[in-house]
Peer 1: 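Questions regarding the structure given below will be posed in turn.
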Amino acid sequence: MTLSVATWNVNSIKARLPNVLDWLKEAQPDVACLQEIKTVDEGFPRLEIEDLGYNVETVGQKTYNGVALLSKRPIEEISQRALPGDEDDEQARYIEAVISADQGPVRVASIYLPNGNPAPGPKYDYKLNWMKRLKAHAKALLALEEPVILAGDYNLIPRDSDVHDAAAWEGDALIRPDSRDAFAEILWLGYSEAFLQADGRAHQYTFWDYQAGAWQRNNGIRIDHLLLSPQAADRLKSVEIAKAVRGKEKASDHVPFIGVFEL
DNA sequence: ATGGTCGGTCCCCGA
């Protein structure tokens, strides 16, 4: 059996509910990690999504951020409701679950990594510090020697070929050398980027801005990623960017990115 | 070269 795991920044679950329900029905991912739900837990349209056969867990907040984890397989445990390392961090950006798959437990996180603009500045400092905390936690997870899938909007462009025009993004928090170094440090721990492993093509995007006709001109960036522990990477069969989702009515500015695993 | 769009909340912020 296969396990498909998707990540999708929906940019408000309330504004996006018809699109989200349509896509879940059509793509039938086993696990879907959502970001920017932009609601408190009580405002999440839980029943509509449960009706499609999903277990639903959320870490919401008012107006901004908020993450959710949907799973057709049983959720054994919510192992984290926040990224460890800063008790005072009140932003809802991390949820992690242990999910029952056919060949044993799989740990999946839904991550909304801070944007970090404008850079430099306090928001950029927060981003880099958050990435440092993510690295420390990712390292601890590796010691479990389990399949771990860190799925989310990383607000990070890994290579110059992951953007239509890298020069136009120079200085932006999504592409700055310090951001890229922090991302690379997580990979150097022993994580694999699913897209690079299973596809790797240049100029494949997961986000197109609402402004300036970015979608019509294919001015996109690839910032939604799955990071895999060795036990997950060994089982990765394929990846897919659900690009057609961006062309729908009332689309999010991000599209789903899916990994299919033999797990 | 510039201006352009969403969503949530409330008269502007974040992306």
Side-chain angles (χ1 to χ4, degrees), chain A residues 7-23 33-46 48-49 58-68 83 89-94 110-131 134 151-158 162-176 178-180 182-183 205-225 241-257:
Chain A
T7 182
W8 188 12
N9 180 323
V10 296
N11 185 18
S12 168
I13 189 63
K14 290 179 187 171
R16 214 65 59 213
L17 188 59
N19 300 47
V20 170
L21 294 176
D22 284 350
W23 182 74
C33 298
L34 308 183
Q35 299 88 34
E36 279 207 273
I37 61 173
K38 290 187 170 177
T39 176
V40 294
D41 295 335
E42 299 72 41
F44 193 87
R46 157 180 297 274
E48 291 91 330
I49 290 172
T58 61
V59 171
Q61 87 179 67
K62 192 182 169 184
T63 310
Y64 303 119
N65 311 317
V67 288
L83 182 64
D89 186 358
E90 291 179 347
Q91 300 191 26
R93 296 181 175 277
Y94 191 90
S110 180
I111 295 174
Y112 181 44
L113 205 145
N115 176 294
N117 282 306
K123 292 191 174 176
Y124 189 57
D125 294 342
Y126 175 68
K127 176 179 194 158
L128 292 180
N129 186 53
W130 208 93
M131 295 181 86
L134 181 60
D153 175 2
Y154 281 75
N155 271 312
L156 186 110
I157 300 165
D162 295 314
V163 49
H164 69 284
D165 178 9
W169 284 79
E170 194 179 344
D172 191 281
L174 277 60
I175 204 168
R176 289 176 84 89
D178 287 343
S179 300
R180 280 188 168 165
F183 185 71
Y205 309 131
T206 63
F207 169 95
W208 294 260
D209 202 283
Y210 288 124
Q211 298 186 62
W215 166 244
Q216 289 75 10
R217 298 162 192 243
N218 196 28
N219 288 347
I221 53 178
R222 192 172 68 82
I223 57 174
D224 298 275
H225 309 300
I241 297 172
K243 187 174 179 183
V245 170
R246 186 65 178 81
K248 306 261 186 187
E249 280 291 304
K250 291 266 291 174
S252 170
D253 39 9
H254 296 249
V255 298
F257 174 59

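Below, read A as the first sequence line, B as the second, and so on, with proteins coming before strands; counting in each chain starts at 1. Predicted model only: the values in this text are computed from it and were never measured.
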Peer 1: Mind checking the C1' distance from dG4(B) to dA15(B)? Whole angstroms is fine.
Peer 2: 14 Å
Peer 1: Rounded to the nearest angstrom, tell me the gap between atom CZ in Phe44(A) and atom C1' in dG8(B).
Peer 2: 17 Å
Peer 1: Whole Å only: how far is the CZ atom of Arg16(A) from the P atom of dT5(B)?
Peer 2: 16 Å
Peer 1: Please list, chain by chain and in numerical order, all residues satisfying side-chain hydrogen bond (donor to acceptor under 3.5 Å, both in side chains) with Asp125(A), sequence neighbours excluded.
Peer 2: none
Peer 1: Please list all pairs passing the salt bridge (Lys or Arg N to Asp or Glu O under 4.0 Å) test where one or both residues lie in residues 206-224 of chain A, with sequence neighbours left out.
Peer 2: Asp162(A)-Arg222(A), Glu193(A)-Arg222(A)
Peer 1: Got Trp208(A) and Asn219(A) here, is their nearest side-chain heavy-atom distance under 4.5 Å?
Peer 2: no
Peer 1: When the distance from NZ of Lys14(A) to C1' of dT9(B) is rounded to whole Å, what number comes out?
Peer 2: 11 Å
Peer 1: How far does the P atom of dC10(B) sit from the matching atom of dG14(B), given to the nearest Å?
Peer 2: 14 Å
Peer 1: Between C1' on dA1(B) and CG on Asp165(A), what's the gap in Å once rounded to a whole number?
Peer 2: 14 Å
Peer 1: I'd like to check the side-chain hydrogen bond (donor to acceptor under 3.5 Å, both in side chains) partners of Trp23(A); sequence neighbours left out, ordered by chain and number.
Peer 2: none
Peer 1: What integer number of Å spans the P atoms of dT5(B) and dC11(B)?
Peer 2: 23 Å
Peer 1: Pick out the pairs of N or O atoms, protein on one side and nucleotides 13-15 of chain B on the other, that lie under 3.5 Å.
Peer 2:
residue	atom	partner	partner atom	Å
dG14(B)	OP1	Lys123(A)	NZ	3.3
dG14(B)	OP2	Lys123(A)	NZ	3.2
dG14(B)	O5'	Lys123(A)	NZ	3.1

Peer 1: Taking only residues two or more places apart in sequence or in another chain, which ones pass side-chain contact (heavy atoms from CB on, under 4.5 Å) with Pro114(A)?
Peer 2: Arg93(A), Tyr126(A), Lys127(A), Trp130(A)
Peer 1: Would you please name every residue forming a salt bridge (charged side-chain N to carboxylate O under 4.0 Å, His left out) with Asp178(A), sequence neighbours left out?
Peer 2: none
Peer 1: When the C1' atoms of dT9(B) and dG3(B) are compared, how many Å lie between them, rounded to an integer?
Peer 2: 25 Å
